[in-house]
Amino acid sequence: MILLASGESPELETYIRQLGVECRYAALEYGDCTFTGNGPDGEAGIGFERKRLSDLITSMQNRRLSGHQLRGCWQAYDFVYLVAEGIWREGDGGEIEELRGKEFRSFFSNGPGRSAVSYEQLDHYLCTLELKGNVIVHRTKDARATARFYVSRWKWFNQKRWEEHHSHDQLYTGLPIKAHGTDWGKPHEHDV
């Protein structure tokens, strides 16, 4: 079962349920979504902090995300994800441009002076969270894509035990490997 923080939107819950996973609201101390699954040492807690661009920028600037929210997630969960929701890109002047309607427009912070925010500054912040903060950053375009990501991760952590995941252990031989049914990818008698 996927648990959503009480303040999360009903559309997110609807999308998750449409994807066939049970979902309910809960009073989460940290994070916007959580579930348990199979970790390397047994049951593990997986937590997600969800941020739309404006909240991501604000919480980066006032240090609330890394100074409070993620600190709580690190204590509460074994795996911590940051879901950065929205469609944005780097503008010609290095600023962040956000898709609004059918066109990209420069994104301005909500603080005093409403300055344009540097794409590089945000990218470096997210990179630091990934490489030094042990946070898995994933971008989604909207609530529907976020729901699909939550469900995909729920399935990954719950449909196999930790040690059954092997896709990272592949060897490339340059030769096609023939197989049938559940023995996909295993060499067998009529391999050339």
* Donor-acceptor contact present, side-chain Asn38 to main-chain Lys160, <3.5 Å -> yes
* Let me see the working for Leu53 and Ile96 under side-chain contact (heavy atoms from CB on, under 4.5 Å), right down to the final yes or no. => CA-CA 10 Å; Leu53 182 61; Ile96 293 175; 3.9 Å; yes
* State whether the side chain of Trp88 and the backbone N or O of Phe107 hold a donor-acceptor pair below 3.5 Å, judged by distance alone. => no
* If you count the non-hydrogen atoms of other residues, nucleotides and ligands that lie under 6.0 Å from CG in Asn62, is the total more than 12? -> yes
* **Heavy-atom closest pair, residues Ile16 and Cys23** => CG2-CB, 3.7 Å
* Would a distance-only check, ignoring hydrogens and angles, find a side-chain to backbone donor-acceptor pair under 3.5 Å from Glu11 to Ser9? -> no
* Asked: Less than 6.0 Å separating the ring centroids of Phe79 and Phe157?
  -> yes
* Asked: So, for Tyr81 and His138, is the gap between ring centers shorter than 6.0 Å?
  -> no
* Structure fact -> When every non-hydrogen atom of Leu129 is compared with those of Ser66, the smallest separation belongs to CD2-CB, 4.2 Å
* Asked: Is Glu8 salt-bridged to Arg50, cutoff N-O under 4.0 Å?
  -> yes
* Asked: Which heavy atom of Asn158 sits nearest a heavy atom of Gly37, and at what distance?
  -> OD1-CA, 3.6 Å
* Asked: At their closest point, which heavy atom of Cys33 faces which heavy atom of Ile2, and how far apart are they?
  -> SG-CG2, 3.5 Å
* Crowded around Arg63 CZ? As in, over 12 foreign heavy atoms under 6.0 Å? -> no
* What's the spacing between Cys73 SG and Glu29 CD if we round to 0.5 Å? -> 10.0 Å
* **Reported CG-to-CD distance for the pair Leu82 and Gln69, which is rounded to 0.5 angstrom** => 9.5 Å
* Side-chain heavy atoms under 4.5 angstrom apart, residues restricted to Ile, Leu, Val, Met, Phe, Trp, Tyr: same cluster for Val151 and Phe149? -> yes
* **Between CG on residue Asn134 and NZ on residue Lys132, distance to nearest 0.5 Å** => 13.0 Å
* Asked: Does a side-chain heavy-atom distance below 4.5 Å link Gln61 with Ile57?
  -> yes
* Kindly say whether Ala5 contributes a backbone atom to a donor-acceptor pair with the side chain of Asp32 at under 3.5 angstrom? => no
* Asked: Are Tyr77 and Phe35 side-chain neighbours, meaning at least one heavy-atom pair lies under 4.5 Å?
  -> no
* Shared hydrophobic cluster, Trp74 / Ile136 (ILVMFWY, side-chain heavy atoms < 4.5 Å) -> no
* Check the surroundings of atom CD in Glu120: do more than 12 heavy atoms from other residues, nucleotides or ligands lie under 6.0 Å from it? => no
* First locate atom CE of Met60, then atom CG of Leu122, and finally report the distance between them rounded to the nearest 0.5 Å. => 5.5 Å
* Looking at Tyr15, does the NZ or CZ of Arg148 lie under 6.0 angstrom from its six-membered ring centre and within 45 degrees of the ring axis? -> no
* Structure fact -> dist Asp142:CG -> Thr140:OG1 (nearest 0.5 Å) comes out at 7.0 Å
* Asked: Are the side chain of Ser59 and the backbone N or O of Arg64 linked by a donor-acceptor pair below 3.5 Å?
  -> no
* Under the side-chain contact (heavy atoms from CB on, under 4.5 Å) criterion, do Arg153 and Phe48 qualify, and how do the steps go? -> CA-CA 10 Å; Arg153 285 301 180 265; Phe48 300 83; 4.0 Å; yes
* Asked: Can you tell me if Arg17 uses its side chain to pair, donor with acceptor, with the backbone of Glu22 under 3.5 Å?
  -> no
* **Side chain to side chain, Ile46 and Asp78, heavy atoms closer than 4.5 Å** => no
* To do: Report yes or no: do Val21 and Tyr25 belong to one cluster of Ile/Leu/Val/Met/Phe/Trp/Tyr joined by side chain heavy-atom distances under 4.5 Å?
  => yes
* Structure fact -> Rounding to 0.5 Å, atoms CG (Leu65) and CG (Asp55) come to a distance of 8.5 Å
* Mind checking whether Tyr150 and Leu12 have side chains closer than 4.5 Å, heavy atoms only? -> yes
* Asked: With the 4.5 Å side-chain cut-off for hydrophobic clustering, are Leu19 and Leu3 part of the same group?
  -> no
* Go through the side-chain N and O atoms of Ser106 and Glu97 and say whether any donor and acceptor fall under 3.5 Å apart. => no
* Asked: Only one of Arg139, Arg52, Lys51 clears salt bridge (charged side-chain N to carboxylate O under 4.0 Å, His left out) with Glu85; which?
  -> Arg52
* **Donor-acceptor under 3.5 Å (Gln159 side chain, Trp156 main chain)** => no
* Any Leu4 side-chain heavy atom under 4.5 Å of Arg24 side chain -> no
* **Backbone N/O of Ser118 and side chain of Asp123: donor-acceptor pair under 3.5 Å** => no
* Validation row: Glu98, Phe104 side chains within 4.5 angstrom (heavy atoms) -> no
* Structure fact -> Arg89 and Tyr119 have their tightest heavy-atom pair at C-CD1, 3.7 Å
* **Cluster check Tyr125, Val135: I/L/V/M/F/W/Y, side chain < 4.5 angstrom** => yes
* Asked: Is there a donor-acceptor pair under 3.5 Å between the side chain of Thr36 and the backbone N or O of Ala44?
  -> no
